[in-house]
Amino acid sequence: MTRSPSPGSSAGTAPSVLFVAPDRTRADAVAAALDRHDVSVTVEFDLGTALGRVVDRTVDCLLIPGQFGRHTAADVVALVRERHPDVPVVLLGPGGSDGDALADDPAAHRVSGDIESLSYDRLADRVRAAVARYRSSEAQRTERDIVSRLERRIQRTERKITSLHGVAMRLASVSDADDIYAETVEAAERILNLDICFAFAAEADWFVPRAQSSTPTDRELRPVPKDAGAMGETFRTGESHRAVDMELHAFGRPEFGDYRSGLSVAIGSFGVFQAVSEQTGAFDEIDLELAELLVAHTNAALQRLSFERRLRVERDQYAALFENSADCIIDSEFVDGESVIRAVNPAFEATFGYDESEVVGRAIDDVVAPDDRLDEAAKLTEMVRAGDFVQTEVRRQTANGERDFLLRSVPVGEDTIYAVYTDITARRDIEREMEAQNRRLDEFTSVVSHDLRNPLSVATGHLDLAREEIDNDHLAAVARAHDRMTALTEELLVLARQGTDAFATTPVSLAETAERCWDHVETGDAALVVASDRTVVADAGRLHQLFENLMRNAVEHGSPDESGSADGGQDRVTVTVGALDDGFYVEDDGAGIPPELRSRIFDTGFSTGTAGIGFGLTIVSNVVDAHGWTVSVGESAAGGARFEFTGVGAGG
């Protein structure tokens, strides 16, 4: 006997026909005949077994003889209808007294004739037509059932979404993070039917449990490492996870119980929400989407709470700054084109001499701008109103007269402006005094360079004429005095100009600078050794001043007679320029500087001998300070003086 496919197959599959045969002869005859017409038939001799197939719904059509033992066709159809109201039944043989009983059954069909005279073409067509109607009816019924289930699911989902909006409204008024987590879990349990769920907050390197559903877990909840399982992956990526079977999930089983399926949803940057079940496949995509909707409300509530907390901190910080700032601060708003004062801080009251009650409600410019600066103040106000940040020095009126301020005006929002006044009157007074001193210094420089040099040149000329006629020790002493006055004049000019000359650093060669300076200094028979070709970043002019004065100092103080022209070879001074890891050095092999004097040699006017005037090393110290370098004085390997300069930038 042949078994056909089960019902519910597509319309193109062969029908599953069951022939309840009264005997073998008729069974074989019917099965063979229908098989020739492409209708496969399964034969069953036991009516009870056949009815069981009807209950199991594995039959598309029943073939029933007119009489089955003591049961008539009507009896068999009645038994079938008790088990399945719609399965088609085809009755074989002529109708009898049971015809009227079957007339009202649309799924009962009769094919008349004995087995020997039966038209099997007609029977096959009747079976196929009955099965087609049955399958169509079943498909429609199934479709209606699916649609009905979907409609019910949609209605339930809509109710849940509506309820979740209510949760969002409640969360909007919660002022504590733990209450937000608790409300989330309660809503998941009550609205989404997630019986076992948890909310974890991300803290340092751990997820810390903040709330859990009322259903107890297998184990007590405890902190979980941030890199653990689905929770860690969800938080790190922000992507939700649905585990149909945790045994087969990439991120393993949860840390807190023996569960088979679960949901994991990130609560933004705040933590993770999870739901679990002891059943495999307990959650579908809609469950995940609803959980994500709930958690989105949770994240929004926590963000609001975080923002409000930051806002309170900033507001408190601003209030503290406003009240305690040493700068004068005016809080104002634009009204009819004018910046009107709303509040001032204590520093404003103390500096400007106006009580807050006197100035609130008045335009800033009317209060603090002098009459001759009203146009300037109005232009600054317009700039701020246009959204520009203004920072400039202004002259403003106080109760005790005009003072100098640094004004910083900051637009805040559409109509609010903060004006911050920093009192710079003392600084401007110092700057004005410095400008006056610089003018006096310029005048002094002019006197030194012109009014002192000219008579000195005249005196030197007359001395030269006198020495052509007669030379003696007195005239030689005058010549030495003239030389010292010339050196004094040159070094005073250098000191005067060091604070006014332009200062610009560039890469400078130590070797080239040292050799050029050596040519500009009276060095007698002294020698120069350059031990490095390093390039340093410095102001070229001031580096020249440094080298010339060090070289002159070495020649003047290096030999025993401080003349720089000793007779013996052993008294010849050698000056060496070399490189350090972060700078350079200048040393000689002369007499050196006693340790007890090294702390004083940069003082203005200090000299260790009679030949110097005490300004050379002061010039060196000023050059070092201008560059931000450090200078130290020690002893060279040959016993002479060694000057080391560090903190010097290397050139490219």
Side-chain angles (χ1 to χ4, degrees), residues 311 314-446 496 499-503:
L311 194 62
E314 291 173 0
R315 186 167 56 244
D316 292 344
Q317 290 175 339
Y318 168 73
L321 176 64
F322 188 83
E323 291 297 321
N324 300 307
S325 175
D327 292 331
C328 308
I329 304 177
I330 300 176
D331 180 351
S332 65
E333 64 178 342
F334 285 111
V335 178
D336 297 331
E338 291 188 316
S339 183
V340 177
I341 299 173
R342 294 190 301 195
V344 297
N345 70 339
F348 176 90
E349 295 178 311
T351 302
F352 280 84
Y354 303 127
D355 188 74
E356 184 177 51
S357 61
E358 299 178 65
V359 298
V360 168
R362 298 177 59 189
I364 293 179
D365 295 344
D366 292 345
V367 175
V368 300
D371 292 340
D372 60 345
R373 295 177 181 267
L374 286 173
D375 290 342
E376 169 211 80
K379 290 178 181 178
L380 294 176
T381 299
E382 283 303 313
M383 291 174 63
V384 177
R385 189 176 185 184
D388 296 333
F389 171 79
V390 172
Q391 178 169 311
T392 186
E393 293 185 8
V394 296
R395 188 88 172 163
R396 289 294 180 259
Q397 182 70 47
T398 72
N400 299 315
E402 293 185 7
R403 298 182 68 82
D404 295 304
F405 294 92
L406 174 63
L407 168 63
R408 285 159 291 178
S409 293
V410 184
V412 182
E414 185 175 351
D415 296 317
T416 301
I417 174 177
Y418 293 155
V420 182
Y421 291 91
T422 303
D423 191 350
I424 58 172
T425 304
R427 191 193 78 190
R428 292 292 293 129
D429 289 344
I430 293 173
E431 289 174 354
R432 284 189 281 268
E433 178 61 28
M434 290 297 296
E435 291 170 359
Q437 289 182 7
N438 285 337
R439 286 194 297 272
R440 291 193 293 271
L441 186 58
D442 288 340
E443 295 171 359
F444 167 75
T445 302
S446 297
T500 58
D501 289 348
F503 185 89

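Counting from 1, the numbers follow the sequence of the chain as shown.
- Applying the ring pair (Phe, Tyr, Trp, His ring centres under 6.0 Å) criterion to Phe334, with sequence neighbours excluded, gives no partner residue.
- Not counting sequence neighbours, the partners of Thr422 by the side-chain hydrogen bond (donor to acceptor under 3.5 Å, both in side chains) test are Asp327, Arg408.
- Atom CG in Asp316 sits 9.5 Å away from atom CG in Leu311 (nearest 0.5 Å).
- No more than 12 heavy atoms of other residues, nucleotides or ligands shown are found within 6.0 angstrom of CG on Asp375.
- For the pair Glu393 and Asp404, the minimum side-chain heavy-atom distance is 4.5 Å or more.
- Counting only heavy atoms from C-beta outward, the side chains of Val394 and Arg373 never approach each other to under 4.5 Å.
- With sequence neighbours excluded, the residues satisfying side-chain hydrogen bond (donor to acceptor under 3.5 Å, both in side chains) with Asp355 are Ser357.
- Judged by distance alone, with hydrogens and angles left aside, the side-chain atoms of Asp388 form no donor-acceptor pair with the main-chain N or O of Val390 at under 3.5 Å.
- The salt bridge (Lys or Arg N to Asp or Glu O under 4.0 Å) analysis of residues 356-366, with sequence neighbours excluded, yields no pairs.
- By the side-chain hydrogen bond (donor to acceptor under 3.5 Å, both in side chains) test, Asp331 pairs with Arg342, sequence neighbours left out.
- To the nearest 0.5 Å, atom CD1 of residue Ile341 and atom CD1 of residue Ile330 are 4.5 Å apart.
- Atom-to-atom distance recorded for Ile364:CD1 and Leu380:CG is 11.0 Å, nearest 0.5 angstrom.
- Residues that satisfy the ring pair (Phe, Tyr, Trp, His ring centres under 6.0 Å) test with Phe322, not counting sequence neighbours, are Tyr318.
- Taking the ring pair (Phe, Tyr, Trp, His ring centres under 6.0 Å) definition, one finds that Phe352 meets it with Phe348, Phe405, Tyr421, sequence neighbours left out.
- The two atoms that bring Ser332 and Ser339 nearest to each other are OG-OG, 2.7 Å, heavy atoms only.
- Among residues at least two apart or in separate chains, there is no ring pair (Phe, Tyr, Trp, His ring centres under 6.0 Å) pair with a member in residues 381-402.
- A search for salt bridge (Lys or Arg N to Asp or Glu O under 4.0 Å) contacts involving Glu431 returns Arg427, Arg428, not counting sequence neighbours.
- Arg396 pairs by the side-chain hydrogen bond (donor to acceptor under 3.5 Å, both in side chains) definition with Glu376, not counting sequence neighbours.
- Partners of Asp429 by salt bridge (Lys or Arg N to Asp or Glu O under 4.0 Å), not counting sequence neighbours, listed by chain and number: Arg432.
- Looking at Thr398, its side chain never comes within 3.5 Å of a backbone N or O of Gly353 through a donor-acceptor pair.
- In this view, Arg385 satisfies the salt bridge (Lys or Arg N to Asp or Glu O under 4.0 Å) rule with no residue, not counting sequence neighbours.
- Arg403 CZ to Arg395 CZ: the interatomic distance, rounded to the nearest 0.5 Å, is 8.5 Å.
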